[in-house]
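Residue numbering restarts at 1 for every chain, and letters A, B, ... go by the order of the sequence lines.
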Protein chains: 2
Amino acid sequence: MTTSELAPHELRVLVSVAEARGFGAGAARLGLTQSAVSHAVRTAERKLGVVLFTRGRQGAAPTEAGARAVARARHILRLLDTMGAEVHAAGGGEVTGTVRIAAFRSAAVHVLPGVLDRLAARHPGVSPQVNIVREVGPGTTGEVADGRADLAVATLNPDTYPIPKGLLSGKLFEERYLLVHPASAPDPRGLPLVDWAENCSSHTRGWWRDQDWMPTATVTAEDDGVVLSMVAAGMGMAVVPELSLLGAPGGIVTRDLGPDGPKRQVGYVVAPGMAQGAAVRELIRGLRETPVGV
Amino acid sequence: MTTSELAPHELRVLVSVAEARGFGAGAARLGLTQSAVSHAVRTAERKLGVVLFTRGRQGAAPTEAGARAVARARHILRLLDTMGAEVHAAGGGEVTGTVRIAAFRSAAVHVLPGVLDRLAARHPGVSPQVNIVREVGPGTTGEVADGRADLAVATLNPDTYPIPKGLLSGKLFEERYLLVHPASAPDPRGLPLVDWAENCSSHTRGWWRDQDWMPTATVTAEDDGVVLSMVAAGMGMAVVPELSLLGAPGGIVTRDLGPDGPKRQVGYVVAPGMAQGAAVRELIRGLRETPVGV
DNA sequence: GGCGATCCATGAGCGCGGCTCATGTGCCGG
DNA sequence: CCGGCACATGAGCCGCGCTCATGGATCGCC
């Protein structure tokens, strides 16, 4: 075998197949033939000496080794991609390039715009791409770990999901949770709790344990915006983070839970290797300078 | 232009040319023709839109942009290189691969052996390569920043050399400086100070400022081992870190400088992207478990 | 159980890109 | 002014990655 390391086109094939969950579909999105993809995957597997995908009737799914390979492939391809912009900045040129940001909804809506505005003013050559990701499971941090984003705005509470080794992170600010209930129901007790799939449960569960009352029932919603709509409609009360309340509908009463109320840490997570990029560095600087924004 | 990103063979050429300081020499070490290298560099420059090397009578030197490109190239090539080992480990196989370690002399001699022994016992497939680097200028950290090492054992005192953004680091232990003088001269005062080029000066300068006496003269040596030999020979006294004293020649008296004596922080610095590698992670674990070793 | 559908695998052949060989160009020292 | 040194350039060969065409496996369906 001439070389034992994967060629970029093979890396691209791996990523594409993993995302398209099939050889044929992966080929299509690369503008290639299914045959080419099949050859490429096979070659890659021979080079690495590991089976990367389980082939089946319903397409191809990465093995554990394959998932690793795909994440690393995305990472390498991104490094190759941004090399141009990076080198230009070093040569005394303007800071350029794209930055892929993963953020949970409320941060994307209420924090990022200001930061990105100021970034655009300072560095017109930088074009950020924001991807809104639910903070469940791997969440926004997972996007960075898998090489799908360069920077994540994430919740950093260690009890939820540990930050994978090898990723840089930093704290931005602490966010309180507030209790909200319909203006029509002055006493939240007796109302069902409207919880949401995101991180509310794990961050607030401890707090609930210390309370002398528990909600009568729990309804789960997908989105914090939906939660607020339901509360506004009188369907229950909820405990939501501050940021989610910006731009909340009317008819809602918020109540501070005091110094011992639940909180969550909001921070950023950077892809290794990307933190050296000038554009990413500038963005982090902007995030750090951000007012708590509440 | 078909693709705007550099191909691996071009990355290799860039690195080789930078290290060999010339197109011809760079070609030779790759087993290529000078012509091939010339073509490759030109293609890379066209792709990036930047001049990467200044060509001259005495070979080629990287421009500022070129230096960046070379560092990134080394990084990408390393990621490609280690992909195989990485993926194997993920597939449930044994932890394998090479780890390139940059360390200053005393750490390499007195700390690493034990750590590497235990690493070898736990993971026979891992083969570490230790590179001893003077802790001057960029030092061991610079090796990591430039992609020549995966992990550095470095002094972390921020006043000496800041850790470049985008590198992960952690503290391992604190090391005291001790005063050493010849057994033949009970009072060090009056003896010339034998300093060494490494980090002694910056770490101990502040301490000297607070003393009520100063050495009559200063001699500078290249190596901490040489410093000790000179002290043993009665040529002066010195202030050296604890680790350097292990295995010191006879005829030397060490004196503790007390709780306010100079100290330095010893830690590790990891190349971004490498910290995800199983081998590197294991090595860091070993370093962390290391007894202070003095 | 045969049949079609829908995946992936495999083999043959073509074309592009990267290599070498041969030669050209600029620069400096003597 | 010339020779040597180091990079530049052009022509041509060759391997590799692509496509096209086809084969093989597995599932759902009646």
Side-chain angles (χ1 to χ4, degrees), chain A residues 1-63 65-66 69-70 73 77 80, chain B residues 1-63 65-66 69-70 73 77 80:
Chain A
M1 184 176 324
T2 304
T3 147
S4 105
E5 59 196 28
L6 272 54
H9 71 92
E10 290 164 335
L11 300 181
R12 259 185 290 269
V13 165
L14 296 192
V15 171
S16 188
V17 166
E19 287 178 352
R21 280 187 280 278
F23 284 28
R29 83 161 55 181
L30 289 178
L32 292 181
T33 325
Q34 170 267 323
S35 171
V37 166
S38 179
H39 278 129
V41 171
R42 174 162 281 281
T43 307
E45 287 180 330
R46 252 209 316 275
K47 284 180 179 175
L48 294 179
V50 176
V51 176
L52 297 174
F53 292 94
T54 64
R55 291 93 152 144
R57 179 75 184 72
Q58 65 288 9
T63 62
V70 166
L77 289 172
L80 283 168
Chain B
M1 185 175 322
T2 305
T3 147
S4 104
E5 60 197 27
L6 271 56
H9 72 92
E10 289 164 336
L11 300 181
R12 259 185 289 270
V13 164
L14 295 191
V15 170
S16 188
V17 166
E19 287 178 353
R21 280 186 281 276
F23 284 30
R29 83 160 54 181
L30 289 178
L32 293 182
T33 324
Q34 171 267 323
S35 171
V37 166
S38 179
H39 279 128
V41 171
R42 173 164 281 282
T43 307
E45 287 179 331
R46 250 208 318 274
K47 284 179 179 175
L48 294 179
V50 176
V51 176
L52 296 174
F53 292 94
T54 64
R55 293 93 153 144
R57 179 88 180 70
Q58 65 287 4
T63 62
V70 167
L77 289 172
L80 283 169

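If one axis is set at each end of the helix from C:dG1-D:dC30 to C:dG30-D:dC1 from five pairs, those axes are 20° apart, to 10°.
Listed pair B:Ser38 / D:dC7 fails the phosphate criterion, with no side-chain N or O lying under 4.0 Å from OP1 or OP2.
For the pair B:Leu30 CG and C:dG18 C1', the computed distance is 14 Å after rounding to whole Å. Rounded to a whole Å, the CG atom of B:Leu32 is 16 Å from the P atom of D:dG15. Between A:Glu45 atom CD and C:dC8 atom C1' there is a gap of 12 Å when expressed in whole angstrom units. Rounded to whole Å, the distance from CZ on B:Phe53 to P on D:dA6 is 16 Å. Residue A:Arg46 contributes atom CZ, which lies 12 Å from atom P of C:dA9 at whole-angstrom precision. A straight line from CZ of A:Arg42 to P of D:dG17 spans 15 Å, rounded to a whole angstrom.
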- line: A correct 5'-to-3' footprint of nucleotides 20-27 of chain D, with B, S and - meaning base, sugar-phosphate only and no protein heavy atom under 4.0 Å, is BB----BS

task: Evaluate the criterion side-chain contact (heavy atoms from CB on, under 4.5 Å) for residue pair B:Thr63 and B:Phe53; output intermediate values, then yes/no.
output: CA-CA 5 Å; B:Thr63 62; B:Phe53 292 94; 5.8 Å; no

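Side-chain contact check for B:Pro8 versus B:Leu80: some heavy-atom pair is nearer than 4.5 Å.
Across all strands shown, A:Gly31 has heavy atoms under 4.0 Å from sugar-phosphate atoms exclusively, and none from any base. At the heavy-atom level, B:Ala40 lies nowhere under 4.0 Å from the strands shown.
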For residues 14-26 of chain A, run the donor-acceptor check on the side chains, cut-off 3.5 Å, and write out each pair with its distance to 0.1 Å, sequence neighbours left out.
| from | atom 1 | to | atom 2 | distance (Å) |
| --- | --- | --- | --- | --- |
| A:Ser16 | OG | A:Gly26 | O | 2.9 |
| A:Glu19 | OE1 | A:Arg29 | NH1 | 2.9 |
| A:Glu19 | OE2 | A:Arg74 | NH1 | 2.7 |

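In this structure, the separation between NE2 on B:His39 and CG on B:Leu32 is 12.5 Å, given to the nearest 0.5 Å. Note that CG of A:Leu30 and CZ of A:Arg12 are 8.0 Å apart. Values are rounded to the nearest 0.5 Å. B:Leu6 contributes atom CG, which lies 5.5 Å from atom CG of B:Leu11 (distance to the nearest 0.5 angstrom).
Sorted by first and then second residue, the side chain to side chain donor-acceptor pair (under 3.5 Å) pairs involving residues 50-61 of chain B (not counting sequence neighbours) are B:Glu45-B:Arg55. For residues 32-42 of chain B, no pair satisfies salt bridge (Lys or Arg N to Asp or Glu O under 4.0 Å), with sequence neighbours left out.
Sorted by residue number, the members of residues 10-25 of chain A with any non-hydrogen atom under 4.0 Å from DNA chain C read A:Gly22, A:Phe23, A:Gly24.
Between the side chain of B:Thr33 and the backbone N or O of B:Ser35, no donor-acceptor pair lies under 3.5 Å.
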